[in-house]
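Some notes on the structure that comes next.
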Amino acid sequence: MQQSTRIAILALIELASDPERQVSVSDIGQKFRVSSHHLAKVMNTLGRAGLVKSTRGVGGGYSFSGSPRRITLLDVIELFEDTSASCKLGDPTEATAPEWALYDVNREIKEMANATYGSITLATMVKQMGKYRVVTAPQDAAGGDASHTESAPV
Amino acid sequence: MDDNSPQTTETRMPPIVIRRATRDDLRHLVDLDGRITGRPKPDYWDDLYERFATRRLEERFFLVAETENGKDAGRIAGYVIGEVRAWEFGSEPCGWIFGFAVDPDLRLSGIGERLFQDITGRIRATGIHTIRTMVSRDNRLVMAFFRSEGMRAGPYIQLEMELET
C-alpha cells in the first residue's frame with residue numbers, strides 16, 4: 001500500500017469516527033505523523049471524490065461527507081493506486097510460460113487482497129478501533145525523552 | 001459500486017422472533033432461497049431440515065427469523081444454519097455457519113445481526129469459542145456483513161481445482 005493511500009485511509013477513519021467534527025489538516029497530520037503538505041494533497045483527492053468536505057475560516061477544516069457503511073477500503077485505494085498493477089502480464093501474445101505462471105499467482109493474490117479490501121467498510125474500521133487502546137508511556141522522571149503514545153491490542 | 005457492494009440505507013426492523021425451523025417453514029425457505037439465488041432447491045432444503053433440525057439439536061442450529069406483528073406476521077424474514085464440527089482439517093471443535101440469508105425486502109434492518117447474534121450465542125453456550133464461515137469472494141455484501149460483526153480471515157485457505165474430463 002502506498003503512503004498516500006495509507007494516509008487517506010487513516011484520515012478517513014479519523015473523520016468517519018465523528019462525522020460532525022471538523023478537523024484541520026495540521027491536526028490530522030500531527031496525529032499520524034505525516035507532513036501537512038503531503039496530507040493536503042491527499043485531502044484534495046478525497047474532496048474531489050466526495051468523501052470529505054472542507055470548511056474555510058476559524059474552526060474550519062475537513063469533515064467526513066460519505067457513507068461509512070458503504071465506502072470500502074478498496075474504494076479509497078482505487079483513488080490512489082492502480083490495483084491491477086501487481087499482476088500485469090504485458091503483451092499476452094509475447095508472454096512466456098513462466099510469465100503466465102507468475103501472472104496466475106499474482107492474480108490470485110490480487111483477487112484475495114481486493115476481496116478483503118472490498119469487504120471492509122470505514123464503519124467496520126471505526127468499529128474495530130474499539131479493540132485497541134492507547135498506551136501512554138509514563139514521563140521520564142529524569143527529564144529525558146518525551147512521552148510517547150502507541151496503540152496496542154486490548 | 002455494484003449491487004453486491006455494502007449498502008447504507010437502513011430500514012426499521014420489524015418485530016421478529018428467532019426460533020428453530022419447523023417443517024412448515026420449508027416451503028417459505030425454498031421460496032426465499034429461490035428468490036435470492038434464482039434456483040429453487042426443494043430437495044436440498046428437505047435434506048437440510050432432516051439433518052440439522054431433527055437430530056443432534058444440542059450442536060446443530062437451524063434457525064429462522066419470523067415477523068411477529070402486522071400484515072406480514074408469520075413471514076420468514078431470514079435464516080441461519082450452523083453446527084459444531086470437530087477435527088475437520090485437523091481443527092479443534094468450532095462452530096460453522098454455512099447457511100445465512102435475509103429477505104431482500106427486509107435487509108439493512110438488523111435482522112441479519114439478530115440471527116448472527118442468536119446463533120453465535122447458542123454455539124458459545126456449547127463451550128465453543130470460535131466460529132467460521134465461508135463466503136464467495138465476489139459476495140461483498142455478505143462478506144462485509146460478517147466483517148462488520150468482527151469476523152476476519154482465519155488460519156485456513158480454501159483450495160480447489162477443475163478436474164479434467
Side-chain angles (χ1 to χ4, degrees), chain A residues 1 9 12-13 15-17 19-20 46 48-52 64-80 83-84 86-87 100-101 104-133 153-154, chain B residues 1-13 36 97-98 100-102 104 106-117 120 124 129-164:
Chain A
M1 184 178 287
I9 290 172
L12 284 172
I13 294 170
L15 295 176
S17 65
E20 301 300 315
L46 296 178
R48 283 197 301 275
L51 302 185
V52 298
F64 189 70
S65 63
S67 168
R69 291 188 64 180
R70 186 172 181 85
I71 298 162
T72 68
L73 298 186
L74 185 63
D75 294 328
V76 183
I77 292 169
E78 288 178 334
L79 293 175
F80 296 90
T83 55
S84 66
S86 63
C87 63
W100 273 108
D104 272 349
V105 173
N106 286 335
R107 189 179 61 175
E108 182 180 326
I109 292 168
K110 187 205 79 171
E111 286 173 355
M112 290 289 286
N114 284 358
T116 301
Y117 287 133
S119 67
I120 300 176
T121 64
L122 291 177
T124 294
M125 293 296 283
V126 169
K127 194 173 173 182
Q128 285 191 352
M129 289 197 310
K131 290 197 308 186
Y132 300 88
R133 63 190 164 90
V154 174
Chain B
M1 290 181 213
D2 56 37
D3 289 342
N4 219 6
S5 297
Q7 296 172 32
T8 180
T9 309
E10 295 185 36
T11 53
R12 194 172 168 189
M13 181 166 63
I36 293 170
I97 293 174
F98 57 89
F100 176 77
V102 172
L106 297 170
R107 284 179 186 168
L108 300 168
S109 64
I111 293 172
E113 182 158 22
R114 281 279 306 276
L115 283 164
F116 182 83
Q117 295 298 336
T120 53
R124 195 183 303 113
H129 297 284
T130 304
I131 57 161
R132 296 196 175 115
T133 191
M134 193 149 55
V135 185
S136 164
R137 64 186 173 207
D138 297 328
N139 194 343
R140 291 188 184 165
L141 180 66
V142 172
M143 185 133 50
F145 169 77
F146 284 126
R147 287 271 185 189
S148 75
E149 293 299 322
M151 297 191 83
R152 56 194 301 176
Y156 293 87
I157 291 178
Q158 177 233 337
L159 300 174
E160 68 176 36
M161 65 181 283
E162 297 295 322
L163 297 177
E164 293 178 7

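Chain letters run A, B, ... following the sequence lines, proteins first, then strands; residues in each count from 1.
Looking at residues two or more places apart in sequence or on another chain, you find a side-chain contact (heavy atoms from CB on, under 4.5 Å) between R137(B) and E111(A), M112(A), A115(A), M143(B). With sequence neighbours left out, the ring pair (Phe, Tyr, Trp, His ring centres under 6.0 Å) criterion links F80(A) to no other residue. Among residues two or more places apart in sequence or in another chain, the side-chain contact (heavy atoms from CB on, under 4.5 Å) test is passed with S17(A) by R21(A), V126(A), M129(A).
Exactly one of I120(A), T72(A), T121(A), L74(A) qualifies for a side chain to side chain contact (heavy atoms under 4.5 Å, CB included) with R140(B). That residue is L74(A).
Proximity to chain A among residues 152-161 of chain B is limited to R152(B), judged by heavy-atom separations below 4.5 angstrom.
Interatomic distance, NZ of K127(A) versus CD of E149(B), reported as 4.5 Å (0.5 Å rounding). Residue S148(B) holds its OG atom at 13.5 Å from CE of M125(A), rounded to the nearest 0.5 Å.
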